[in-house]
Amino acid sequence: AMAHLSEGGTFDDVARRHDLHYVGRCRALRGAFFGRDRVSAQAEIVTELADYHAAFDRQLAQSSVREALEMAWPLCHVWLFTGRRSEAALRMGEVLGATEGHKTRERADALSVAAFFDMYIQEYERAIHRADEAIGLYRALGDEQGLAYVLARRGHLAFSVGAVPDALDLLQQSLDLCTGIGYDDGSAWPLTLLAQARLWSGDGGAEVQRMFEEGRERFIAMGDAVGQAHANMFLPNCGERTVERAMRYSLETMDLVERSGTDRMIRSGAFHNLAFAVWRSGDHQRAEGLNHLAAKAAAETGITVSSGMAFLQAASFAGEEGAAERAAMLYGAGDAHFVMQKAPFYEEN
């Protein structure tokens with residue numbers, strides 16, 4: 001079909017109309033990625049992802065950078081949540097490099113989601129730089145929803161590198177802004193991350209537990225499996241730390257993994273959490289097998305922090321069985337992959 005269009009001299013016109021259609025779809029779906037419609041919008045894009053990629057690449061090649069930027073916001077979410085690491089790293093680098101100095105909402109959007117992606121591949125310095133630029137642009141443009149979104153990401157980055165006081169301030173700013181503008185869906189992440197930052201600072205009390213539970217309920221209402229799994233990961237480590245609670249939340253996350261269309265990035269964490277609960281229940285052989293599955297799932301998505309979690313858990317298991325040399329080796333591997341600041345319960349283990 002492409003050959004016939006080229007021979008007839010109409011390929012450029014048809015390609016332009018094709019590309020504008022997908023640019024328009026990305027423009028229409030922008031708001032969905034700020035809230036509860038992310039999952040359905042993501043599924044729509046994945047169905048025709050090759051067409052979106054073709055349109056995005058042609059906009060860059062033809063210097064239609066504003067249109068490429070409009071596509072970057074939804075596409076980078078898709079790349080992140082479906083484990084397409086290479087697409088995100090390559091294409092976001094190209095589009096942000098081509099639009100250096102632009103003072104637009106489209107660039108702010110692209111920067112904020114690129115910072116989110118960078119955090120998961122542990123490019124913290126670049127992530128912080130991109131998030132800070134996005135914060136400045138959203139403030140200048142008066143885009144409070146975008147600002148609330150990126151403040152939450154910037155707060156997550158802060159405690160990931162050990163700056164817990166900064167994280168608490170940034171996440172509280174995000175939560176207050178969400179409340180002030182009625183951005184209810186957006187409040188789930190800063191609330192959950194605020195609880196996580198407090199847990200990272202050693203506070204695992206009842207109030208932090210309630211914050212995680214409230215964030216979890218908001219994610220469930222939104223149908224956001226990533227957020228629900230994130231809250232489930234930390235709930236067993238605050239309040240009453242029992243095997244029963246750990247098993248309950250880990251099995252709930254495993255149920256999410258089994259659902260059709262669930263984001264690939266939660267698979268490793270689901271196996272990790274279940275391995276932790278199963279080990280505490282006394283079934284060490286099964287726990288080790290589950291942790292191997294966590295490591296495999298982490299490798300498939302390229303999210304190195306997930307690999308680090310698997311190695312650290314394997315080190316903990318080896319240490320409890322008295323295999324000191326193996327535990328030290330695994331801890332070293334985990335430390336190398338898990339570059340972010342470790343939670344107190346990791347250090348305890």
Filter on salt bridge (charged side-chain N to carboxylate O under 4.0 Å, His left out), then keep only pairs touching residues 169-188, sequence neighbours left out; what's left?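 Only R36-D185 qualify under salt bridge (charged side-chain N to carboxylate O under 4.0 Å, His left out).
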Under 4.5 Å side-chain heavy-atom separation, chaining through any Ile, Leu, Val, Met, Phe, Trp or Tyr, what else clusters with L293? Say none if it is isolated.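 Members alongside L293: M247, L251, M254, F271, L274, V278, L290.
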With [X], which residues qualify under ring pair (Phe, Tyr, Trp, His ring centres under 6.0 Å), at least two apart?
X: H18; value: Y22
X: Y249; value: none
X: F311; value: H337

Main-chain N/O of [Y] paired with [X] side-chain donor or acceptor, under 3.5 Å:
X: Q313; Y: H272; result: yes
X: R245; Y: E240; result: yes
X: H77; Y: W73; result: yes
X: S268; Y: A294; result: yes

For [X], enumerate each residue passing the salt bridge (Lys or Arg N to Asp or Glu O under 4.0 Å) test, keeping only those at least two apart in sequence or located in another chain.
X: R91; answer: D57
X: E244; answer: none
X: R16; answer: E67
X: E100; answer: R107

M119, V164: one ILVMFWY side-chain cluster at the under-4.5 Å cut-off? yes
Between the side chains of [X] and [Y], is a donor N or O closer than 3.5 angstrom to an acceptor N or O?
X: S187; Y: R218; result: yes
X: R38; Y: Q42; result: yes
X: N273; Y: T253; result: no

Minimum side-chain heavy-atom gap Q122-Y124 below 4.5 Å: yes
Per the ring pair (Phe, Tyr, Trp, His ring centres under 6.0 Å) rule, what does the pair list look like for residues 160-198, sequence neighbours excluded?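 Qualifying pairs, neighbours excluded: W189-F219, W189-H230.
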Is it true that E252 and R216 have a side-chain N and a carboxylate O under 4.0 angstrom from each other? yes
Flag the pair E48 and R25 as a salt bridge only when some basic side-chain nitrogen lies within less than 4.0 angstrom of an acidic carboxylate oxygen.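 Judged by the 4.0 Å cut-off on N to carboxylate O distance, E48 and R25 do not form a salt bridge.
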Which residues pass the side chain to side chain contact (heavy atoms under 4.5 Å, CB included) test with E321, sequence neighbours left out? W279, H284, E288
Contacts of R280 that satisfy side chain to side chain contact (heavy atoms under 4.5 Å, CB included) - sequence neighbours left out: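 For R280 the side chain to side chain contact (heavy atoms under 4.5 Å, CB included) partners, ignoring immediate neighbours, are V243, A246, F276.
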